[in-house]
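Below: the structure, in structure tokens.
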Protein chains: 4
Amino acid sequence: MVAAQPSRPSGSVSEGAGRGTPPVRGAGQSSRSGPVRSEAARQAILIAAVELLIERGYDSLTIEGIAARAGVGKQTIYRWWKSKSAILAECLLEGLVFPGKLSVPDTGDVRADLATWLAAIGELIEGEHGEGLVRSLIAAATDNADVGRRLRDSISGSGALSARLHAGRGTTPLLGDDAPVDEIADALIGAVLLRAISRAGLDRAAVDRLLVALLGVPESAPDPGRGA
Amino acid sequence: MVAAQPSRPSGSVSEGAGRGTPPVRGAGQSSRSGPVRSEAARQAILIAAVELLIERGYDSLTIEGIAARAGVGKQTIYRWWKSKSAILAECLLEGLVFPGKLSVPDTGDVRADLATWLAAIGELIEGEHGEGLVRSLIAAATDNADVGRRLRDSISGSGALSARLHAGRGTTPLLGDDAPVDEIADALIGAVLLRAISRAGLDRAAVDRLLVALLGVPESAPDPGRGA
Amino acid sequence: MVAAQPSRPSGSVSEGAGRGTPPVRGAGQSSRSGPVRSEAARQAILIAAVELLIERGYDSLTIEGIAARAGVGKQTIYRWWKSKSAILAECLLEGLVFPGKLSVPDTGDVRADLATWLAAIGELIEGEHGEGLVRSLIAAATDNADVGRRLRDSISGSGALSARLHAGRGTTPLLGDDAPVDEIADALIGAVLLRAISRAGLDRAAVDRLLVALLGVPESAPDPGRGA
Amino acid sequence: MVAAQPSRPSGSVSEGAGRGTPPVRGAGQSSRSGPVRSEAARQAILIAAVELLIERGYDSLTIEGIAARAGVGKQTIYRWWKSKSAILAECLLEGLVFPGKLSVPDTGDVRADLATWLAAIGELIEGEHGEGLVRSLIAAATDNADVGRRLRDSISGSGALSARLHAGRGTTPLLGDDAPVDEIADALIGAVLLRAISRAGLDRAAVDRLLVALLGVPESAPDPGRGA
DNA sequence: AGTTAATCGAGACGGTACGTCCAGTCTTGGC
DNA sequence: GCCAAGACTGGACGTACCGTCTCGATTAACT
């Protein structure tokens, strides 16, 4: 089927990503004549955007910079996207920003798995390269709803966070059978974003207290000092 | 005294807000000659900044625009603040952005109080005027840690959220005596910001599920059977 | 035969006009396969060019605009002309620009005839529609010698000015038998262009003085006393 | 008095050259506060414009190019001139384009003087460097009336042509006491421009015939074969 | 009272990026 | 092989702001 390639914005969750879905070179049947959107240009633009975002941050990200790095005319960008944040939304959708780094582990111990995962994200927020990447994405989300949604999806590993919580139901005090896992996931990600925004850091202690609040169990061992 | 240097000393709660708080007309004695920072100009700038932020959003907020609206030279702004986000940090600090609208009520019922408060914030996020105000502040926080911190403080009513949670300890299942109220507050505010970012809305049902997740009690009726 | 090459051979009066004049549909036999230059497209392009020139002026004249107005692909234009001025050169050659408006009258009185003719041109220079048409053509001539030559030819009515002067030899003081009529014609047209360029206008008085200078006779009355 | 410097567009013949006449750095009394137009920038812009015009021609002359060459921001150009032709108008006014090369000689023999002068101009039209300079200026005149007027003034040596003709009255057949010297000058310059436009060249023979037409005397000696 | 120095409004300056327009080339499918 | 359509790279347009600077006018404190 045509849906073999994962990438076209045809699969857009909502309006925001691209401008439309004209026939891509090499795609299936085309309905009218004339040249067709260059897939090479599209890829080059997305990659250039991600690279520059990581290297310089969202505020220094410019359409001209992307065009130059991608070896593309500015008009080719404006033809298909209406803002730099729309480009990033598509990057997020294609998994170009976080290349699989963020999947939630599953060792059977939800508490420990989330601690591991949160620590990984904490590193990513202020980590070596990608300094401020999360902050940059929040800035992008600020003027593009899709970026916001996809940022959440990306962080939660394309729903893997909710899935992990679902799977863990019954294993921690607050993860009952009808626990609102989506809201717990939102609260978790929200707390992370808030710390990213206020540069509060996400150290072990903070992670621990956060998990106590949301799962109701400290550390991986039952904490004798606090009833679960 | 702190006022030893002629100008721009101390005062700042943290690094980020302004350049300092030099002798304002009428404040303590200064050691050298010359006029002193004009309080009128400072006020005009802060007010202009907030007005423009509310009217046009953070992305359209410009130093030149603020200067023009305030009837002030650009240099007067650059002399005292190092970026537009620093101006906003000071606005937040002075309570010019959310004029007391966000205090957490206290009727004795934590669950109901938070529901009320969250509904108020939900309205504010997408509300009539101030369309996107919260989103604008998140954008500002993105390049100024102080804005992030003060945004959190403003939303939580200058710590009133934590205080309210503290006061409510023991009255809901998850608000035990040593519950990590700060983290619960963070999770709550974080969830709100996440919804602001992704335009997810914050309707009654969402608020309800969020409070179930964080306080462990649905609706306003004490749900005895919810323990997991 | 000249028609050996499939297309764009010979024919051009000089280098500048077009790419050549390849076999036009319906013209003589063509020696090779494939379709042949579409005369309909050619006409549409020339007409569109003239219309746009008159409506908007040379500076606003674009290849894309001509193509759009003519309902033609850009490539069809680039295939046969090498610049927009080349198109105009061809328009001039086909008499599409000044549809016969500029012929020099012949009443027997050279002086009066030229006065009439100059007045007509003066109106045309700044006249109702075609505002700035002459100026636009001068601009075109600036990068295409053919336009210059053909503009001169068009204004002088395809040599009719020289012919008129020739015919009038002996009837005015300066139009002797071997008067350099071509140079007089050039000077006349040059003066007109200069006024077009400098927006000096070409009123009755100016025309009169110009004719005094070039023919040596003021007004329509034979001035016997003018010899200096 | 203040009028010592030759340069300010205050002396503008008409509206077209610059945008206004704000106080120039170092000029006389200034009426209001704030910084003042930078004379250095103004000079750099005019010089850059002339250089580029001579090197590349009017069509390749760009505001960005001028700004870059002059080491100036584009806005500084747009602040004071409304088009590239307006810049050239000012260059012409300041004599930066033809540095005195075009003055009409005065040996007492009008006929010979004009022949000399026309030859010089003929060289300039297609000459070594400044290839097409005159043509470029005609193009500029096409969208700026001032350029047209000043081009004529420049060519006629700031009125020196008319003056020379005045001075020569009575020495050639057609230069009578009440000869319309301005119109003769216009016809002369017009003929030159026409040849520039149509690349007709301005060789000795052409000059001679032109002078016969306008002055009524061939060569400097009475040509026995043609009654003057 | 005069000097000194820092403030203020205003706004010109060199720059960077914007988003648009067009040039000239290339690519596709239809005739 | 020509054609309409239109995507492509590239470059200039004219505008908006940036952050720095310069100007003349105030306005305190310090002589």
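Below, chains carry the letters A, B, ... as their sequence lines are ordered, and counting in each starts from 1. All figures in this text were calculated on a predicted structure; none of them were measured in a lab.
Across the interface with DNA chain E, nearest-nucleotide mapping of Ile63(A) and Ala41(B) shows Ala41(B) to be the residue nearer the 5′ end. In terms of position along DNA chain E, the nucleotide closest to Gly71(B) lies nearer the 5' end than the nucleotide closest to the other residue of the pair Gly71(B) and Leu61(C).
Here the P atom of nucleotide dG11(F) and the CD atom of Glu64(A) are 12 Å apart, to the nearest Å. Following rounding to the nearest Å, Tyr78(C) (OH) and dC2(F) (C1') show an atom-to-atom distance of 18 Å. Across the protein-nucleic acid pair, Arg79(C) atom CZ and dC26(E) atom P stand 13 Å apart, rounded to whole Å. Regarding Arg37(B), its CZ atom lies at a distance of 13 Å from the C1' atom of dC8(E), rounded to whole Å.
Not a single donor-acceptor pair, N or O on each side, falls under 3.5 Å between the base of dG11(F) and the side chain of Lys74(A). Checked by distance alone, Gln75(A) brings a side-chain donor or acceptor within 3.5 Å of a matching partner on the base of dC21(E).
Contact check for Tyr58(D) versus Leu53(D): side-chain heavy atoms found under the 4.5 Å cut-off. Contact annotation: the side chain of Trp80(D) never approaches that of Arg42(D) to less than 4.5 Å [non-hydrogen atoms, C-beta and beyond]. When side chains are defined from C-beta on, Lys74(D) does not count as touching Ile77(D), because their heavy atoms never get closer than 4.5 Å.
When all heavy atoms of Ala49(D) and Leu88(D) are compared, the closest pair comes out as CB-CD2, 4.4 Å.
Using a 4.0 Å heavy-atom cutoff across all strands shown, Thr76(A) reaches at least one base atom of the nucleic acid.
Listed pair Trp80(D) / dC13(E) meets the phosphate criterion, a side-chain N or O lying under 4.0 Å from OP1 or OP2.
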